[in-house]
Amino acid sequence: MIASQGLFRQINNTLLDLQQSDLQSYPAQVKRLGRLLQNEELQPFNSALTEKVNLDEFIASSERTQGGMVGSAELVWPEDDKQILGLRLLLIVKFSENPEYMAEFGYTFFWTGSKKIMSGVHAVISQIIIPFFRDFKDYVEGDGRLNPTLILPMSNKVFIVHGHDGEAREAVARFLSNLGFEPVILNEQANQGRTIIEKVEANADVGFAVVLLTPDDFGRAKSADDLEPRARQNVLLELGYFMAKLGRDKVCALRRGEVSIPSDFAGVVWEEMDVAGGWRQKLGRELQAAGHPVDWNKLMR
């Protein structure tokens, strides 16, 4: 039995709402997500994923890794991909039953230096919930099979997709350089008589991409009256390109200011590029989650 596309569309829309939620609205969204994931259509898959995992034991062993610094605790994931998926499912169900625990969990394992409750909530969304839905959808559509992943050598290059905000571009480039990565900025590469897309393809031998969503343009639907700030069209084109080439887990979008987010963007992590600089720790975690070593001492400088 394969779950209906309508059910996945509802989950996808809930994820979009959850990504943009605030302190007052996130509990309702995470509760709705929990209900959708426990739909009877998904029960055979859920049972198969969770039959050999113990959530309480997983949380307890992870909490024991807590050192002297806040946020130093690490999640002790098993090596079996199916068990990881099962644990993520049980975590989300637990969050839906107790949304306050979701914020507490984010503070314990994904602390970004901010004392704001929503900082922990959004960290859980990006680190736990969105990766879960991506893999869970593949698992269900594969009728209970996890597709094997080909592991390739990790490139130290990080492509920076940007619009007109030079300040944001340079801040990300400096941050990546300080961590030992090689930032790739398209207009700094040789043209060699190529078109723009040929130039992108020629410089896409990277292990990760950072996409800067900045309010450079305005646009609206035909039925709308007001213009809304949007990222440049080349940014959205390159966003889609790197999602397809690298995989969604190796693309991190940083939104600066008020920018309309594409409606089909759930499944890709986007973070606020805040003035206080909390985005640096968030981006560091995304790089680490994608398999890149990150020196946290350098990150905190």
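Remember, predicted model here, so these are calculated numbers, not experimental data. For this chain, numbers begin at 1 and follow the sequence in order.
Summarising the geometry of Val184 relative to Val206, their closest heavy-atom pair is CG2-CG1, 4.2 Å, with the distance given to 0.1 Å. The heavy-atom pair separating Asn156 from Gly180 by the smallest distance is ND2-O, 2.6 Å. Contact detail for Leu37 and Asn46: the closest heavy-atom pair is O-ND2, 2.8 Å. Across all their heavy atoms, Phe175 and Arg280 have their closest contact at CZ-O, 3.1 Å. Glu41 and Asn39 get closest at one heavy-atom pair: N-OD1, 2.8 Å. Summarising the geometry of Trp279 relative to Glu272, their closest heavy-atom pair is CB-O, 3.6 Å, with the distance given to 0.1 Å.
Taking the side chain as every heavy atom from C-beta outward, Phe58 and Leu90 never approach each other to under 4.5 Å. Contact annotation: the side chain of Gln43 approaches that of Gln38 to within less than 4.5 Å [non-hydrogen atoms, C-beta and beyond]. A heavy-atom distance below 4.5 Å is not found between the side chains of Glu198 and Gln192. You'll find the side chain of Val210 stays beyond 4.5 Å of the side chain of Val161, heavy atoms only. Side-chain atoms of Ile128 and Phe109, non-hydrogen and from C-beta on, never get closer than 4.5 Å to each other. By the 4.5 Å heavy-atom criterion applied to side chains, Phe95 and Leu91 are counted as neighbours. Between Pro183 and Val158, the closest side-chain pair of non-hydrogen atoms is not below 4.5 Å. Taking the side chain as every heavy atom from C-beta outward, Phe208 and Lys157 never approach each other to under 4.5 Å.
Taking the centre of each ring, Phe181 and His292 come in below the 6.0 Å mark.
A donor-acceptor contact shorter than 3.5 Å is absent between the side chain of Asn191 and the backbone of Arg194. Remark: the backbone N or O of Val30 is not paired with any side-chain donor or acceptor of Ser96 at under 3.5 angstrom. The backbone N or O of Lys282 lies less than 3.5 Å from no partner atom in the side chain of Arg285, so there is not a single donor-acceptor pair.
Taking CG of Asn203 as the start and CD of Glu188 as the end, the distance is 11.0 Å to the nearest 0.5 Å. With rounding to the nearest 0.5 Å, the separation of OH in Tyr26 from CG in Asp17 is 16.0 Å. Within the model, atoms CG of Leu239 and CG of Leu213 stand 6.5 Å from one another, a figure rounded to the nearest 0.5 Å. We find the CG-CZ distance between Leu36 and Arg9 to be 12.5 Å, quoted to the nearest 0.5 Å. Phe159 CZ to Glu238 CD: the interatomic distance, rounded to the nearest 0.5 Å, is 5.5 Å. Atom CG of Leu49 is separated from atom CG of Asp81 by 11.0 Å, given to the nearest 0.5 angstrom.
Atom CD of Glu100 sits in a sparse spot, with 12 or fewer heavy atoms from other residues, nucleotides or ligands closer than 6.0 Å. By the 6.0 Å contact criterion, NZ on Lys31 is open, its count of non-hydrogen atoms from other residues, nucleotides or ligands being 12 or less. For Glu51, the CD atom is densely surrounded, since the number of other residues' heavy atoms within 6.0 Å is greater than 12.
With no hydrogens or angles considered, a side-chain donor-acceptor pair links Gln127 and Glu286 at under 3.5 Å. Glu63 and Thr108 share no side-chain donor-acceptor pair at under 3.5 Å. One side chain, Asp22 or Ser25, offers a donor N or O that lies under 3.5 Å from an acceptor on the other. Thr214 and Arg256 share no donor-acceptor pair across their side chains, judged by distance under 3.5 Å alone.
Hydrophobic cluster membership differs between Phe132 and Val76, with clusters built from Ile, Leu, Val, Met, Phe, Trp and Tyr side chains linked at under 4.5 angstrom. Side-chain heavy atoms closer than 4.5 Å link hydrophobic residues (I, L, V, M, F, W, Y) into clusters, and following such links, even through other members, never connects Leu246 to Leu237.
Of the charged side-chain nitrogens involved, at least one lies within less than 4.0 Å of a carboxylate oxygen, so that Lys137 and Glu141 count as a salt-bridged pair.
Residues satisfying the side chain to side chain donor-acceptor pair (under 3.5 Å) test with Asn187, not counting sequence neighbours, are none. Taking Tyr241 as the reference, nothing meets the ring-ring contact (aromatic ring centres under 6.0 Å, His included) condition, with sequence neighbours excluded.
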Kindly indicate, with the supporting measurements, whether the criterion side chain to side chain contact (heavy atoms under 4.5 Å, CB included) is fulfilled by Leu15 and Ile129.
-> CA-CA 8 Å; Leu15 282 178; Ile129 297 179; 3.3 Å; yes
Should Val200 and Leu186 be marked as a side chain to side chain contact (heavy atoms under 4.5 Å, CB included) after you check the CA-CA gap, both sets of side-chain angles, and the distance that decides it?
-> CA-CA 7 Å; Val200 170; Leu186 195 64; 3.6 Å; yes
Let me see the working for Ile160 and Leu176 under side chain to side chain contact (heavy atoms under 4.5 Å, CB included), right down to the final yes or no.
-> CA-CA 10 Å; Ile160 302 177; Leu176 291 171; 4.0 Å; yes
List the steps and the verdict of side chain to side chain contact (heavy atoms under 4.5 Å, CB included) for Glu97 and Val93.
-> CA-CA 6 Å; Glu97 295 170 347; Val93 171; 3.7 Å; yes
Determine, stepwise, if the pair Glu271 / Ser126 fulfils side chain to side chain donor-acceptor pair (under 3.5 Å).
-> CA-CA 8 Å; Glu271 300 287 359; Ser126 65; 3.1 Å; yes
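Within the cation-pi definition used here (under 6.0 Å to the ring centroid, within 45° of the axis), Lys94 qualifies as a partner of Tyr101. Both tests hold for Arg88 against Trp77: distance to the six-membered ring centre under 6.0 Å, angle to the ring axis within 45°.
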